[in-house]
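Let me begin by presenting the structure, written as structure tokens, before commenting on it.
Chain identifiers are assigned alphabetically (A, B, ...) following the order of the sequence lines, protein sequences preceding nucleic acid strands; residue numbering begins at 1 within each chain.
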Amino acid sequence: MSDHAPASNAPASPVKSMDAIMALCKRRGFIYQASEIYGGINGFWDYGPLGAQLKKNLRDAWWQDMIMRPCWGKQGPGGREVRCVPLETCIVQHPRVWQASGHLAGFADLMRKCPKCGHFVRADQLWDTIVQSSEWFASLIQEFEPSPEGTQTPQMNADRLLKWARTKGKKLAPNLALVRNPEVTLSWLVTRVNGQPTAPPDVIEILRHLATEQLNATGLQDPCTRCGAVLGEPAPFKLMFETWAGLTQTEDNKVYLRPETAQGIFVQFKNVVDTNRIKIPFGIGNTGKSFRNEITPRNFTFRSREFEQAELEFFCPPDESLEWYKFWRDFRMEWWKSIGLAGENLILREHEKDELSFYSQGTSDVEYRFPFTAPGFGELEGIAHRGNYDLTQHQKESGAKMEYNDTERGELLPNGQRRGERYLPHCIEPAAGLDRGVLAILCEAYTKDESRPSPEFMKFHPRLAPIKAAVFPLVAKDGMPEIAEKLHKELTDRFWRVGAIETDEKQTIGKRYARMDEAGCPYCFTIDSDTLKDQTVTVRDRDTGSQERIGIDNVSGFLADKLQV
RNA sequence: GCGGGCGUAACUCAGUGGUAGAGUGCCACCUUGCCAAGGUGGAUGUCGAGGGUUCGAAUCCCUUCGCCCGCUCCA
């Protein structure tokens, strides 16, 4: 999650209530807590019937617009056709995949845990963190005189340190050795300073002394940045889920659940090139579950430990990569807008230079202003220029040649062919979070309007709505139910592939409309007494509540037009 | 991980030591003539879980799980 809140970009409309959205999601069966009857399990969520269909519709929209007809048929840079093929790779890959990608190293930073307050700090950043953000250090450092010119040793005054330990130190760093046992701790330090005037201790060594109560028994120790207690030993902090492939749970059999789908694509890049008549530039798309052991799952489904990604890796010649990057960045923003995130809550944010990975020439995030991030934004999708980093890594680690032979390049030969040019393609990666997408769509669709008979309703784009339409008899008599049933069957026969068509003859018409509003059904067709006379029905629009009459024979065409199918 | 708040019906919540409640929703029947309309009736809870105190616990204590908020973390 990022937290960018330009003052000029403040929300014009009031922030929606996340509690109300979550209540509706539960009540109407969009999202349930996973394993709820057992008390739930931290960081995991299930989709109910409407949620499962909504998410499928989003996944289908991605698949259709990225794989089946990429970018709605728009041309890429230089008027080139945009071509993409699908792929489905395994959640479990060879462990060396994660070695090559850097996840094994990057996802297992050495962390140190404070046994007293439970605080975590990265082992390699301990001293930086203390100097930059430790409250007790900021206070303590003021008790020292500045270092004399050309030295690293601040001037120490034992009396002032004693006083600090008994006053401010008690509050700020209650577990620091200096605070718990000032005389002993200071005596070791004074001995050290006076004993070796030619090699005075630097700031870090002084801090380590102040954290050490029993020098003889323990040696110098390191303090917790927050409470000053002695930190535990560095231990790998595992953000990847581990399991075993094989019956024995030994180190040899250890495998990991993927933290992203992208690596499966890079690993199969050569196979796709070699076994399909496809030429660069082209993309490979893959949707599927990924897993990260998030430290703090939070904000409903926004940061879950099991989540689904929709990733495309688009391969192109290095000299075209920047243009393709910009192309994809802009298209992906357009795409999110096209499925209903059209408002001021969606932004495209280009990363600053210092945010970029060393191999990247550009990265952008599509971000949505969720109720829980407002006035800031949370990431929906990252579009990254990854250079040839990943193919290079896998080429090195596996020894397999990842080069592409571009037969459209190189000098023109006498026979009219090109000589060809071998290179490692560059890669543009639009990587979307489907669950975050669903959550953004739920938040965007949720609308509260107390002036309506149905004050809470879901304004889904018709393409995503789990229920596409409903057919009602105005009252359950005079032959209306029979006509409704016939129309319902007709619509179901035609539209079942894209979503549900519902019918309901119980309760009053207002209640039935209201129920459909909460489920986000865009259109309701109602059979009334006029239908019997002139073969027309009313169409009710979810967002406005307005009605128009159309011929019963035109209903199917009307809906097809609205759903663009 | 720390700090704060919360956990009672599908949803929103009342109930602070003495028989488990309300509104909404849901279901059935009656009534219907376009917006959660009206009437009658009905179903639904191991009060998040475990332990303790007590004659007696939704209520007090301890532990634990989950959710929300603020820190922290987020390759």
Side-chain angles (χ1 to χ4, degrees), chain A residues 1-3 17-29 32-45 48 98 101-122 124-125 129 133-135 224-227 232 236-240 259-260 292-303 305 357 371-372 378-379 451-457 472-478 480 505-518 524-532 537-542 544-549:
Chain A
M1 192 194 326
S2 57
D3 187 25
S17 157
M18 204 57 212
D19 286 345
I21 293 170
M22 289 169 67
L24 187 143
C25 281
K26 172 71 188 293
R27 177 159 31 98
R28 296 311 308 248
Y32 307 129
Q33 202 178 1
S35 308
E36 188 185 275
I37 62 169
Y38 291 98
I41 174 164
N42 191 336
F44 297 87
W45 299 88
W98 311 115
S101 68
H103 287 92
L104 215 42
F107 266 39
D109 287 326
L110 289 181
M111 302 289 283
R112 301 183 69 174
K113 186 182 179 183
C114 172
K116 295 279 193 239
C117 74
H119 187 65
F120 280 96
V121 61
R122 269 181 66 162
D124 59 343
Q125 295 175 359
T129 309
S133 60
S134 167
E135 274 190 42
C224 170
T225 57
R226 187 159 56 178
C227 75
F237 199 72
K238 296 182 178 175
L239 294 173
M240 272 202 288
E260 62 172 34
R292 296 182 194 186
N293 233 331
E294 296 287 353
I295 300 168
T296 315
R298 270 288 165 93
N299 291 324
F300 204 23
T301 59
F302 183 80
R303 177 167 289 135
R305 289 180 163 148
S357 308
F372 49 79
E379 181 185 342
S451 71
R452 286 167 55 112
S454 55
E456 266 183 315
F457 65 110
F472 301 141
L474 182 59
V475 288
K477 61 179 190 185
D478 297 343
M480 295 181 207
E505 57 178 60
K506 301 292 175 65
Q507 305 288 355
T508 59
I509 190 70
K511 252 182 206 188
R512 285 177 279 165
Y513 284 152
R515 278 199 280 243
M516 285 300 132
D517 282 348
E518 266 197 349
C524 294
F525 302 102
T526 302
I527 311 309
D528 58 19
S529 50
D530 287 349
T531 311
L532 307 169
V537 301
T538 61
V539 186
R540 174 186 177 274
D541 181 87
R542 175 197 62 204
T544 62
S546 65
Q547 295 184 9
E548 60 176 309
R549 286 202 87 84

Between U46(B) and G33(B), how many Å separate the two C1' atoms, rounded to a whole number? 48 Å
Nearest-Å distance once atom P is located in both U53(B) and U8(B): 27 Å
To the nearest angstrom, how far is [X] atom [atom1] from [N] atom [atom2]?
| X | N | atom1 | atom2 | value |
| --- | --- | --- | --- | --- |
| Arg298(A) | C67(B) | CZ | P | 9 Å |
| Tyr38(A) | G66(B) | OH | C1' | 16 Å |
| Lys511(A) | G38(B) | NZ | P | 8 Å |

Would you please confirm or rule out a distance under 4.0 Å between OP1 or OP2 of C26(B) and any side-chain N or O of Arg515(A)?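 Yes, such a contact exists.
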Nearest heavy atom decides the nucleotide; on that basis, is Arg305(A) or Glu36(A) closer to the 5' end of RNA chain B?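 Going by which nucleotide is closer to the 5' end, it is Glu36(A).
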Applying a 3.5 Å limit to both distances, which nucleotide forms a Watson-Crick or G-U wobble pair with U40(B)? A28(B)
Describe the nucleic acid contact of [X] in one word from base, sugar-phosphate, nothing, applying a heavy-atom distance below 4.0 Å.
| X | result |
| --- | --- |
| Asn42(A) | sugar-phosphate |
| Phe472(A) | nothing |
| Gly43(A) | sugar-phosphate |
| Arg540(A) | base |

Can you sort out the partners of Glu518(A) under salt bridge (charged side-chain N to carboxylate O under 4.0 Å, His left out), two or more places apart, ordered by chain and number?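 In terms of salt bridge (charged side-chain N to carboxylate O under 4.0 Å, His left out), with neighbours along the sequence ignored, Glu518(A) is linked to Arg27(A), Arg28(A).
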Show each protein N/O and nucleotides 28-32 of chain B N/O combination with a separation under 3.5 Å, one pair to a line.
unit_1, atom_1, unit_2, atom_2, d
A28(B), OP1, Lys506(A), NZ, 2.9

Every protein N/O lying under 3.5 Å from an N/O of nucleotides 43-48 of chain B:
none

